[in-house]
Amino acid sequence: MRRGRFLLTGIVLSAFTLVAAACSNGGNSEGGGDGGGSKPPAQNTVCASVDTSASDVLSRICQDGSIRVATDQKYKPQSWYDAKSGEWKGFDVDVAREVASRLGVDADINHQDWEVITAGSWNDRWDVSVGSMTDTVPREKLFDFTPAYYYTPAGFAVNKANTTITDPTTDLDGKKICVGVSTTYEDYLKGDLVLGAGAPPFDFVVDNPDIVTFTTDTDALDQLALGDGVRCDAAMTATPTIDAYVKDGGAVKSIGDPIYYEPLSIAFDKNDPVDNSSLVQAVSKIVDEMHSDGTLSDLSMKWYGTDLTTTSASGA
């Protein structure tokens, strides 16, 4: 009887431990490895030569064994959380994991609303954004950027059944255009978009659009797919996002050629309460290396079927 009581107690405690562990990993977060810190970094990684007793962000990352990455869980094929498999997937996700690997740590990937990420002043909630952030002049006041890791085309979509809007340069003036909030696409429609140095030139082709914002670009496409024309005549986002939406059965279609190509970079909070300059330098060097050794080109081919990692992708 005593043995049975001890066995029952052990089972209850074990179940409690499992439940507690599950509850502690709230949200769509992909934690790193063995909890961080206990696993020494591999040789030939950045952290192998970092003094972890220092007080800067890079030292803390190397000590913890993980880097906190903010991205969007609903931005396919760049990044999305697959609820069925419980895994993060996408181009940005693979880039984040490769950067973390070269640092010598794991990538702790977490969903954050794009509007929150682009507002800046992260207050040490995460270390880096690997989320296809465009380097713009206004954002340069809030963020430090790596060199661009790829260049994405921006374009328009209409409902699959629409036959009256075929050319974005002539047919969208004054139309209701749905777009993700706080995106460069919203800035473009407002006529406020100013890309950072080295970006390919572009023209504003839509006059007086009726801009309707949504939490994410995918939400805008969802509304467009309804086809009622009440809220959306068209939507604007990255053309790979439109293509992925169509591939998944979404009732929309692209129109016209890309409007412009934007340089996308890994971003760091300029107002980080802890010095992150060494992290910016280390990741910027990793991005250059990933360009040089073909890793970024391979990942682009994997997720987009074309190489978007050079300025030649934009025709510049």
Side-chain angles (χ1 to χ4, degrees), residues 57 67-80 88 90-100 107 109-123 125-154 179-188 190 192-200 202 213 215-218 220 236-241 260-272 276 279-281 283-284 286-288 290-291 296 299-300 303-304 308-309 311 313-314:
V57 173
I67 182 171
R68 299 168 298 172
V69 180
T71 195
D72 192 335
Q73 68 181 6
K74 201 176 180 183
Y75 195 41
K76 197 173 184 178
Q78 288 76 245
S79 59
W80 79 97
W88 281 90
F91 175 74
D92 282 336
V93 173
D94 280 358
V95 170
R97 287 173 176 152
E98 181 64 22
V99 168
I109 300 174
N110 295 270
H111 166 72
Q112 301 293 338
D113 288 339
W114 188 243
E115 190 173 11
V116 176
I117 294 174
T118 56
S121 297
W122 299 339
N123 197 29
R125 286 173 289 177
W126 52 89
D127 304 309
V128 61
S129 168
V130 186
S132 298
M133 187 183 293
T134 306
D135 179 352
T136 68
V137 171
R139 284 177 179 169
E140 287 176 352
K141 298 176 182 178
L142 300 174
F143 305 103
D144 289 313
F145 291 104
T146 64
Y149 62 104
Y150 80 117
Y151 299 79
T152 193
V179 68
V181 69
S182 299
T183 61
T184 49
Y185 312 118
E186 181 184 11
D187 293 339
Y188 176 86
K190 290 179 177 178
D192 295 337
L193 180 61
V194 182
L195 296 176
F202 62 90
T213 59
T215 302
T216 70
D217 298 43
T218 304
M236 185 178 187
T237 183
T239 58
T241 302
Y260 63 89
Y261 285 74
E262 49 189 352
L264 305 177
S265 301
I266 296 173
F268 307 82
D269 184 11
K270 274 195 174 196
N271 296 313
D272 197 311
N276 65 359
L279 176 64
V280 176
Q281 293 171 7
V283 176
S284 294
I286 287 173
V287 169
D288 286 338
M290 289 172 66
H291 275 299
L296 286 169
L299 291 177
S300 180
W303 291 105
Y304 302 122
L308 296 174
T309 66
T311 53
S314 66

Nearest heavy atoms of [X] and [Y], plus distance in Å:
{"X": "F91", "Y": "S300", "value": "CE1-N, 3.6 Å"}
{"X": "L142", "Y": "A119", "value": "CD1-O, 3.8 Å"}
{"X": "K270", "Y": "F143", "value": "CE-O, 3.2 Å"}
{"X": "S129", "Y": "I117", "value": "OG-CG2, 3.7 Å"}
{"X": "G196", "Y": "E140", "value": "CA-OE2, 3.8 Å"}
{"X": "D269", "Y": "N271", "value": "OD1-N, 2.9 Å"}

Roughly how far, to the nearest 0.5 Å, is the [atom2] atom of [Y] from the [atom1] atom of [X]?
{"X": "R139", "Y": "L195", "atom1": "CZ", "atom2": "CG", "answer": "9.5 Å"}
{"X": "Y151", "Y": "S132", "atom1": "OH", "atom2": "OG", "answer": "13.5 Å"}
{"X": "S265", "Y": "D135", "atom1": "OG", "atom2": "CG", "answer": "5.0 Å"}
{"X": "L264", "Y": "T134", "atom1": "CG", "atom2": "OG1", "answer": "4.5 Å"}
{"X": "E186", "Y": "L193", "atom1": "CD", "atom2": "CG", "answer": "11.5 Å"}
{"X": "N110", "Y": "R125", "atom1": "CG", "atom2": "CZ", "answer": "11.5 Å"}

**Asked** Do D92 and Y150 have a side chain donor and acceptor closer than 3.5 Å?
**Response** no
**Request:** Would you check if there is a donor-acceptor pair between the side chains of E262 and T184 at a distance under 3.5 Å?
**Result:**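 Note: T184 and E262 side chains meet the donor-acceptor criterion.
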May I ask you to decide if [Y]'s main-chain N or O and [X]'s side chain share a donor-acceptor pair within less than 3.5 Å?
{"X": "T218", "Y": "K74", "answer": "yes"}
{"X": "T71", "Y": "V130", "answer": "yes"}
{"X": "Y149", "Y": "H291", "answer": "no"}
{"X": "W114", "Y": "S182", "answer": "yes"}
{"X": "E98", "Y": "D94", "answer": "no"}
{"X": "S79", "Y": "G90", "answer": "no"}

**Item:** Check: W122 ring centroid to F268 ring centroid under 6.0 Å
**Value:**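 That pair fails the under 6.0 Å test.
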Any heavy-atom pair between the side chains of [Y] and [X] that's under 4.5 Å?
{"X": "T237", "Y": "Y75", "value": "yes"}
{"X": "T309", "Y": "M290", "value": "no"}
{"X": "D144", "Y": "S284", "value": "no"}
{"X": "T216", "Y": "D72", "value": "yes"}
{"X": "N276", "Y": "D127", "value": "no"}
{"X": "Y304", "Y": "Q78", "value": "yes"}

**Prompt:** Taking the six-membered ring for Trp, are Y185 and Y260 parallel (under 30°), tilted (30 to 60°) or perpendicular (over 60°)?
**Reply:** tilted
**Prompt:** So does K190 pair up with D187, basic N to acidic O under 4.0 Å?
**Reply:** no
